[in-house]
Amino acid sequence: CQTCLQEKLRSEAEKEDLVLIGTAQNTQYRKYQFNKCLHFQELTTGNVRKGGNYIRCATCKQKELVSEAEKAGLVWISSGRSSHYGSYKFNKCGHVQELVKSHVREHVFKCHTCIHKNFIKEAENANLRLLGEASDDLDVSLRKSNYRSYRFDCCGHKKNIRPSDV
């Protein structure tokens, strides 16, 4: 019965501190209001039934992401390749990079563009040219990701070197 269904949905909403407002554009969704912040959002009835982390106010989450970015010296731009990533602009240099949201929250990130530019500058100061990632045909004693491929300006030979050794 439609009345019983509405009462069930209303009861499930109350358990999650929501108010059932009415129907939504899709039959699997209903429009709800969050009691805590008073924002409105369309949610699936199944997620409301599951509760907990399945229902969050998208407006409040967006404000939280903007605030965390500002505290970390960044500007929030948009969502990233998955729910764990976001696109951010660095205030200091203006570069844009996709970062793990928890790393932003914990201030554990670096601008890869600036790091790369610094590697180039350090190589030039040491009479080397940074060619890119470590090459497979040159020996690397530990992890390849810790090395970069360089060419000596004086002789043209190539060698994989750790950037910290330049």
Side-chain angles (χ1 to χ4, degrees), residues 1-122 130 132-136 140 142-149 162-164:
C1 142
Q2 192 62 32
T3 305
C4 291
L5 174 63
Q6 282 302 110
E7 189 51 42
K8 177 183 175 187
L9 294 175
R10 193 175 320 284
S11 173
E12 290 170 349
E14 285 177 13
K15 287 179 186 174
E16 297 303 323
D17 203 23
L18 299 168
V19 175
L20 176 65
I21 303 299
T23 59
Q25 293 179 0
N26 183 317
T27 58
Q28 298 295 317
Y29 287 75
R30 297 292 187 276
K31 189 171 186 175
Y32 296 91
Q33 183 178 30
F34 290 86
N35 285 326
K36 186 176 180 180
C37 61
L38 304 178
H39 292 124
F40 294 92
Q41 187 172 323
E42 291 185 2
L43 300 166
T44 65
T45 56
N47 281 348
V48 172
R49 192 168 298 122
K50 290 176 191 173
N53 288 335
Y54 289 95
I55 52 171
R56 283 193 181 151
C57 176
T59 305
C60 290
K61 183 61 181 173
Q62 179 71 18
K63 288 179 180 178
E64 183 182 318
L65 290 169
V66 168
S67 174
E68 289 172 352
E70 287 174 0
K71 290 176 186 173
L74 303 167
V75 175
W76 165 261
I77 296 175
S78 65
S79 295
R81 62 178 170 245
S82 78
S83 61
H84 301 290
Y85 287 82
S87 183
Y88 297 87
K89 179 180 177 182
F90 289 79
N91 288 333
K92 189 174 181 179
C93 62
H95 296 126
V96 175
Q97 183 176 315
E98 198 168 76
L99 299 168
V100 177
K101 293 175 187 175
S102 64
H103 292 176
V104 172
R105 191 174 307 118
E106 297 162 8
H107 300 238
V108 184
F109 57 86
K110 294 179 182 175
C111 176
H112 294 301
T113 304
C114 288
I115 289 171
H116 184 71
K117 285 182 176 184
N118 193 46
F119 287 165
I120 291 171
K121 191 167 89 176
E122 289 173 345
L130 176 63
E133 300 297 317
S135 59
D136 292 325
V140 172
L142 294 173
R143 287 183 31 190
K144 183 179 172 184
S145 63
N146 291 339
Y147 289 79
R148 301 290 181 271
S149 179
R162 287 186 307 221
S164 60

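By convention here, the first residue in the shown sequence is residue 1.
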Evaluate the side-chain proximity of I21 to Y32: yes if any heavy-atom separation is below 4.5 Å, no if none is. no
On a heavy-atom basis, the closest approach of H95 and C111 is ND1-SG, 3.4 Å
Taking the side chain as every heavy atom from C-beta outward, state whether H116 and R148 have any pair of such atoms under 4.5 Å apart. no
Does atom NE2 of H107 have more than 12 heavy-atom neighbours from other groups under 6.0 Å away? yes
One should read off an interatomic distance between E12 CD and K50 NZ, to the nearest 0.5 angstrom, of 12.5 Å
Would the number of heavy atoms belonging to other residues, nucleotides or ligands and lying under 6.0 Å from OH of Y29 be above 12? no
How close do L18 and I55 get, counting heavy atoms only, and between which atoms? CD1-CD1, 3.8 Å
Scanning both residues in full, the closest heavy-atom pair of L38 with N35 reads CD2-O, 3.7 Å
Tell me whether the count of non-hydrogen atoms from other residues, nucleotides or ligands lying under 6.0 Å of NE2 in H39 goes above 12. yes
Rounded to the nearest 0.5 Å, what separates atom CD in Q6 from atom CZ in R30? 6.0 Å
Could you state the interatomic distance from OG1 (T23) to CD (E42), rounded to the nearest 0.5 Å? 8.5 Å
Between atom CG of L20 and atom NZ of K8, what is the distance when rounded to the nearest 0.5 Å? 13.0 Å
Answer yes or no: is there an ion pair linking E64 with K61, defined by an N-O contact shorter than 4.0 Å? yes
Residue among V75, L99, T113, V96 satisfying side-chain contact (heavy atoms from CB on, under 4.5 Å) with F90: L99
So R49 and L9, side-chain contact (heavy atoms from CB on, under 4.5 Å) or not? Walk me through it. CA-CA 8 Å; R49 192 168 298 122; L9 294 175; 4.0 Å; yes
Distance check, rounded to the nearest 0.5 Å: C114 atom SG versus F119 atom CZ? 11.5 Å
Which heavy atom in V104 sits nearest to a heavy atom in E68, and how many Å separate them? CG1-O, 4.0 Å
The test is side-chain contact (heavy atoms from CB on, under 4.5 Å); show your working for W76 and Q62 and say whether it passes. CA-CA 9 Å; W76 165 261; Q62 179 71 18; 2.9 Å; yes
Give me the atom names and distance for the closest heavy-atom approach of Q97 to K110. NE2-O, 3.2 Å
Measure the spacing between CG of L65 and NZ of K101 and express it to the nearest 0.5 Å. 5.0 Å
Give a yes or no on this: more than 12 heavy atoms of other residues, nucleotides or ligands lie within 6.0 Å of atom CD of Q28. no
So which atom in S149 and which in E133 form the shortest heavy-atom distance, rounded to 0.1 Å? CB-O, 3.3 Å
Can you check side-chain contact (heavy atoms from CB on, under 4.5 Å) on T59 and Q41, steps first, answer last? CA-CA 9 Å; T59 305; Q41 187 172 323; 5.6 Å; no
